[in-house]
Amino acid sequence: MDYRPQEIEQKWRKRWQEEGLYKVREDSGKPKYYCLDMFPYPSGSGLHVGHWRGYTISDVWSRYKRLQGYEVLHPMGWDAFGLPAENAAIKEGIHPAILTARNIANFKRQLQQIGAMYDWDREINTSDPEYYRWTQYIFVKMFERGLAYRKKMPINWCPSCKTGLANEEVVNGECERCGTPVTKKEMDQWMLRITAYADRLLEGLERLDWPEKVKRMQTAWIGRSEGARILFAVAGHPDAEIEVFTTRPDTLYGATYMVLAPEHPLVAKITTAEQRAEVDAYVEQTLRKSAIARQIVDKTKTGVFTGAYALHPLTGDRLPVWIADYVLMDYGTGAIMAVPAHDDRDYEFAVAFSLPIKPVVGPEAGREPDELPYTGDGVLIHSDRFDGLSVAEGKKAIVEALHQQGRGEAAVSYRMRDWVFARQRYWGEPIPIVYCDHCGTVAVPEDQLPVRLPDVERYEPTGTGESPLAAIESFVHTTCPKCGGPARRETDTMPQWAGSSWYFLRYPDPHNDQAPFSKEAANRWLPVDMYIGGVEHAVLHLLYARFFTKVLYDLGLIDFDEPFQRLFNQGMLTLGGAKMSKSKGNVVNPDDIIAEHGADALRVYELFVGPPDEDAEWSTNGMEGVSRFLHRFYRLVVTHADKPVPTRDSLERLRHRFIATLTERLESFRMNTAVSAFMEYLNELSTEAEHGLDRATLETLAVTIAPFAPHLGEELWERLGHTTSVFDASWPTYDERWLRDEEVEIAIQVNGRVRAHTRIAAEAPQDDAVAVARAHPDVQPWLEGKTVVKEIYVPGRLVNLVVKG
RNA sequence: GCCGGGGUGGCGGAAUCGGCAGACGCAGCGGACUUAAAAUCCGCUGGGGGCAUCCCCGUACGGGUUCAAGUCCCGUUCCCGGCACCA
């Protein structure tokens, strides 16, 4: 009679596994539904109750969809390459593969406790050669299309660890591992040409059912801006031209100087002899600073005059050319025309170095701006024949004028850069490239993949900024796949983002050894109908995955070009107001909760704790409240399970209303209020139960609770005499008829304040309702000596009598 | 600085088509059961006043629109998130 969750849960977990209940069937004939969790990195810390939230939400949703008649693909796997395993390997000398396998075993055990309907036959692991073989295959395809290329560029460099660092490993300008200030170092890097897809990545967002916040973040990250490229000749250097990008070609007449990024290739060429020493010193100083130090830590304007002058393309004026670190080499053209009157940064710089400031836009025709810098809209002034044009007209006219002289054209620039795709690290996918003196850079042919990660003695980078693989002679020395001559392997590996950029395509066909996936399987299951995970992946992972998908679409491997139709970001759980983390020591271990209340209670509490998309504070009291609710739920159903009574109207009305409310709350993803709906229904039924409960009520309880508390749902379903799984039943439907009342209680207001309540026929016409209201004894005193000037009737809600006098 | 989201009882939160604010849960108080406690069950529970069956106030703050505002508009303030010299 007593609810013993641990017993029930163990029983059903075992039975589900024996019966293969969650094996996805390709031939069921049901419509498909693909509900995906962002797969975890299997860290050594294990799961805490905060991690449970997203997994619970996605599992409830998956089970709900299954009950609605869908064939649901709800898989799980491991994003298993990554730095923590490698760092642990360096520290403890354990092979990352061993450590990763150990962590996966623990994670899998914990995930199985959730009672989720994962089809473990489809489990994938990005560090498995059978998987990364295909990650490498996709890289080769990108290389063949010119989307993967090598470029010498400055990367973050830690002088102490003697290694290149990924941007994510640089925290506040310092090395994450040792705290040394990070500098820059020129190195050859593999890059992916994601910028070629900028417009498509932008446009595709419009078709997605994603949180607006995430769409905004991606839009901002891509950072499309329209403007113009303009060419400036350099006095005394007929073979040198400075090309700038600007969004304000209308302010061209206000340009009073030029700025090149310190790394700009023209710097060395145009710097005059007397300025050279100063320029060289400044360039060197800039290179020592990391991008972070340069951009965030100190925004004070610094710079040096090169001694050279550029020529204004329309006026021929001589504009001094400076270098300054506020101009970034990797945005636009790495050079700007400075218009201090209409740009905050240029203004600050001009003031600091006493450069001329010339306003060319005023708030209205012929009027000077009241204050500088003036960045608002307006009308052109001091701009020769363009005076009087609006900013928008001026942009067009000046670009047109430049175009006719071959000195400029409209252009688009993006904030997003190409993707640095190489890491000088061990625990990642080897980049499948071979360098041959004879044939050059050659991709490893498909039939020779995977390029396996060899075992190494030491996981530390070599000290030259190369990956540990560079020290493995047997790995480096190979033969050219083209000419058979001696060749060297690329020793860099891919970043952790690589494997996760396409894993969702592997689940539909996880054991394919002929291709990353069959086109047919991918087209059947994708796009993902519901993708659930944390908002921390709003940009990088989700942008990379979209990019890979578009490339695979262009390769003809799939027929869709957006991977995730709907995205949901769950909020995190806090304890003491802070995000749960092992290092802060504020984690709640699910094992303890399960031992006390059971997995079902934890699942339901994860939902009840608050709106699923908002952060929520863990509360032990709240957890206990939910646990009590499940005990009452179980008791109510079990008490009546073997002696159901014939149905009656009161039960039918409650049941249909409950189904309507619950379904609506679930559909709108308000899981916390969905749980409330159960509590309300249970409270109502506890009164009704004195006269017995009917079979439909009891079965409705078992089926509807099943997505939330699956073990409990199964147990109750069995107690009601069923021999098949509750998940092979159907989500109940409701009849509108039961949602309507014959009679309703409405409020009677006088001047907007409630003075009485009354019951009237739901369909009562306005005249009747108003008459009843006016005649109500509690209302009379408020009408005395007054005139009713207006009568408002909202059927089913209220009557409002507006009185005067 | 720019962009976005949000301030509702002692607490987590309901109510977002403008229509009875505070569903549901927690905590608290009272009662039943018990030798007693725990568990369970029942009742009460925004603030103030009359302290009856009633009235006033109340959704961050100040205005406004409306018969009616947590909900719409304007301004202020605080908190959270994103971006941060992107030309």
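Just so we're on the same page: letters track the sequence lines, and every chain starts at 1. In this text the structure is predicted, and so the values were computed from the model without any measurement.
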**Message:** Both M217(A) and M337(A) contact RNA chain B. Taking the nearest nucleotide for each, which residue is further toward the 5' end?
**Reply:** M217(A)
**Asked** Which dot-bracket notation, 5' to 3', represents the base pairing of RNA chain B when pairs are defined as Watson-Crick or G-U with both distances under 3.5 Å, crossing pairs as [ ], and inter-strand pairs as |?
**Response** (((((((..(((......[....))).(((((.......))))).((((....))))..(((((..]....))))))))))))....
**Asked** Yes or no on side chain to side chain contact (heavy atoms under 4.5 Å, CB included) for L205(A) and T219(A), after CA distance, side-chain angles and deciding distance?
**Response** CA-CA 8 Å; L205(A) 286 175; T219(A) 302; 3.5 Å; yes
**Prompt:** Can you pull the side chain to side chain donor-acceptor pair (under 3.5 Å) pairs that have at least one residue in residues 247-258 of chain A, sequence neighbours excluded?
**Reply:** R248(A)-D250(A), Y257(A)-Y326(A)
**Request:** Take the protein atom CD1 of I323(A) and the nucleotide atom P of rA87(B), then report the distance between them rounded to whole Å.
**Result:** 22 Å
Where do N or O atoms of nucleotides 1-11 of chain B meet protein N or O atoms at under 3.5 Å, pair by pair?
{"unit_1": "rG4(B)", "atom_1": "O2'", "unit_2": "R216(A)", "atom_2": "NH2", "d": "2.4"}

**Request:** For residues 750-765 of chain A, pull every pair meeting salt bridge (Lys or Arg N to Asp or Glu O under 4.0 Å), keeping only residues two or more places apart or in separate chains.
**Result:** E743(A)-R759(A)
**I792(A), nearest nucleotide to its side chain (from rC85(B), rA87(B), rG19(B))** = rG19(B)
**Item:** Per R415(A) side chain, nearest of listed nucleotides rC83(B), rA68(B), rG13(B)
**Value:** rC83(B)
**Asked** Base, sugar-phosphate, or nothing: which does S413(A) touch, judged by heavy atoms less than 4.0 Å apart?
**Response** nothing
**Item:** Nucleotide-resolved protein contact map, nucleotides 20-26 of chain B, B/S/- at heavy-atom distance under 4.0 Å
**Value:** B--BBSS
May I have the list of side-chain donor-acceptor pairs in residues 608-616 of chain A shorter than 3.5 Å, sequence neighbours left out?
{"unit_1": "D615(A)", "atom_1": "OD1", "unit_2": "M572(A)", "atom_2": "N", "d": "2.9"}

**Request:** Not counting sequence neighbours, which residues clear side-chain contact (heavy atoms from CB on, under 4.5 Å) with P373(A)? List them please.
**Result:** D344(A), Y347(A)
Could you list the protein-to-nucleotides 44-47 of chain B atom pairs, N/O on both sides, closer than 3.5 Å?
none

**Request:** Have a look at V609(A) and say if it touches a base, only the backbone sugar-phosphate, or nothing, with a 4.0 Å heavy-atom cut-off.
**Result:** sugar-phosphate
**Fill in**
V399(A) meets the side-chain contact (heavy atoms from CB on, under 4.5 Å) criterion, sequence neighbours left out, with A228(A), P249(A), A410(A)
**Message:** Does W782(A) reach a base, just sugar-phosphate, or nothing at all? Heavy atoms under 4.0 Å.
**Reply:** sugar-phosphate
Pairs under 3.5 angstrom only: tabulate donor-acceptor contacts from the side chains of residues 673-687 of chain A to other protein residues two or more places apart or in another chain.
{"unit_1": "T673(A)", "atom_1": "OG1", "unit_2": "R670(A)", "atom_2": "O", "d": "2.8"}
{"unit_1": "S676(A)", "atom_1": "OG", "unit_2": "N672(A)", "atom_2": "O", "d": "3.3"}
{"unit_1": "N683(A)", "atom_1": "OD1", "unit_2": "R632(A)", "atom_2": "NH1", "d": "3.4"}
{"unit_1": "N683(A)", "atom_1": "OD1", "unit_2": "R632(A)", "atom_2": "NH2", "d": "3.0"}
{"unit_1": "N683(A)", "atom_1": "ND2", "unit_2": "M679(A)", "atom_2": "O", "d": "3.4"}
{"unit_1": "S686(A)", "atom_1": "OG", "unit_2": "N683(A)", "atom_2": "O", "d": "2.7"}

**Asked** Which sits closer to the 5' end of RNA chain B, R755(A) or D343(A), going by the nucleotide each is nearest to?
**Response** R755(A)
**Asked** Taking only residues at least two apart or on different chains, which pairs with a member in residues 654-666 of chain A satisfy side chain to side chain donor-acceptor pair (under 3.5 Å)?
**Response** E652(A)-R655(A), E652(A)-H656(A), R655(A)-T700(A), R657(A)-D741(A), T663(A)-W731(A)
**Complete:** Contacts satisfying ring pair (Phe, Tyr, Trp, His ring centres under 6.0 Å) that involve residues 775-805 of chain A (not counting sequence neighbours) are none
**Asked** Atom CG of D330(A) and atom P of rA87(B): how far apart are they, to the nearest Å?
**Response** 13 Å
**Item:** Where the chi angle of rG9(B) falls, syn if within 90° of 0 and anti if not
**Value:** syn
**Asked** Looking across every strand, which nucleic acid part, if any, lies under 4.0 Å from R229(A) by heavy atom: base, sugar-phosphate, or nothing?
**Response** nothing
